[in-house]
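Notes for the one structure printed next.
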Amino acid sequence: MEDKYKNVVIYDINNSHELLSLLIIKGTQLPPHGYFMVFAKGNTIDHLFRDLIKLNYKVSYVEYDLSDYIRDDDILMLSFGSDGIVSVENAYGKSKIKDSDAEEFFVSMDDCTQDIVDYCIGTGKHVTLFGKPDDYDD
């Protein structure tokens with residue numbers, strides 16, 4: 001019987017700078033025209049998105065208004081391409097997770113529900129679960 005968790009890695013991330021560094025490194029390792037997806041709550045994605053813009057990454061599209069319509073508890077997905085193009089959209093469409101053919105998935109263990117983890121693992125692609133360490137104090 002095949003181990004469905006063989007492509008899963010878990011990272012303890014203490015702050016948004018550690019996550020951003022990890023994503024930028026992973027972005028340089030993508031194949032041409034490849035991309036990965038990050039699933040997290042709106043506030044996490046918003047921070048990542050703004051930091052990537054400051055670093056001169058290009059925006060493909062954003063399916064949410066950065067000011068009024070995003071709720072902190074909405075689950076969004078940020079796409080990060082090998083070409084340096086970033087896009088953001090809601091993770092759910094018509095009450096189900098939107099399909100993706102990403103090369104790799106990053107999922108916030110602190111933000112996302114098990115259905116997103118199961119979806120990503122079910123693709124057979126590499127999945128990185130990230131979150132604050134158990135002994136982390138704010």
Criterion side-chain contact (heavy atoms from CB on, under 4.5 Å) against Phe130, the qualifying member of Val9, Ile10, Val38: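 So the option named by the test is Val38.
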
Criterion side-chain contact (heavy atoms from CB on, under 4.5 Å) against Leu76, the qualifying member of Leu48, Val88, Asn43: Val88

Qualifying ring-ring contact (aromatic ring centres under 6.0 Å, His included) pairs, either residue in residues 103-127, two or more places apart: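 Sorted result for residues 103-127: Phe36-Phe106.
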
Please list, one pair per line, the donor and acceptor atoms closer than 3.5 Å that link side chains of residues 17-27 to other protein atoms, with sequence neighbours excluded.
unit_1	atom_1	unit_2	atom_2	d
Glu18	OE1	Asn14	N	2.9
Glu18	OE2	Asn14	ND2	3.4
Ser21	OG	His17	O	3.0

Main-chain N/O of Pro31 paired with Ser82 side-chain donor or acceptor, under 3.5 Å: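 Judged by distance alone, yes, a pair lies under 3.5 Å.
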
Short side-chain to backbone donor-acceptor contact, Asp111 and Ala40, under 3.5 Å: no

Results of side chain to side chain contact (heavy atoms under 4.5 Å, CB included) for Asp118 - residues two or more places apart only: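 Side chain to side chain contact (heavy atoms under 4.5 Å, CB included) list for Asp118, sorted by chain: Gln114.
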
Contacts of type side chain to side chain contact (heavy atoms under 4.5 Å, CB included), residue Asp110, not counting sequence neighbours: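 In terms of side chain to side chain contact (heavy atoms under 4.5 Å, CB included), with neighbours along the sequence ignored, Asp110 is linked to Ser108, Lys132.
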
Residues Ile53, Arg50; criterion side-chain contact (heavy atoms from CB on, under 4.5 Å); working and verdict: CA-CA 5 Å; Ile53 289 172; Arg50 289 174 189 269; 5.6 Å; no

Ring pair (Phe, Tyr, Trp, His ring centres under 6.0 Å) involving Tyr57 - partner list, sequence neighbours excluded: Phe80

Contacts of Asp101 that satisfy side-chain hydrogen bond (donor to acceptor under 3.5 Å, both in side chains) - sequence neighbours left out: Tyr35

State the [atom1]-[atom2] distance between [X] and [Y], to the nearest 0.5 angstrom.
X      : Y      : atom1 : atom2 : answer
Thr123 : Asp99  : OG1   : CG    : 10.5 Å
His47  : Leu78  : NE2   : CG    : 13.5 Å
Met77  : Ile116 : CE    : CD1   : 9.5 Å
Lys41  : Asp46  : NZ    : CG    : 14.5 Å

Does any part of the side chain of [Y], heavy atoms only, come nearer than 4.5 Å to the side chain of [X], both counted from C-beta?
X      : Y     : value
Val59  : Phe49 : yes
Val127 : Asn7  : no
Tyr92  : Ile75 : yes

Salt bridge (Lys or Arg N to Asp or Glu O under 4.0 Å) partners of residues 120-129, not counting sequence neighbours, each pair once: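 Qualifying pairs, neighbours excluded: none.
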
Minimum-distance pair of heavy atoms, taken over all atoms of Cys120 and Val107: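 Scanning both residues, the minimum pair turns out to be SG-CG2, 3.8 Å.
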
Atom of Met37, atom of Ser100 and distance for their closest heavy-atom approach: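 The pair with the smallest heavy-atom distance is CG-OG, 3.4 Å.
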
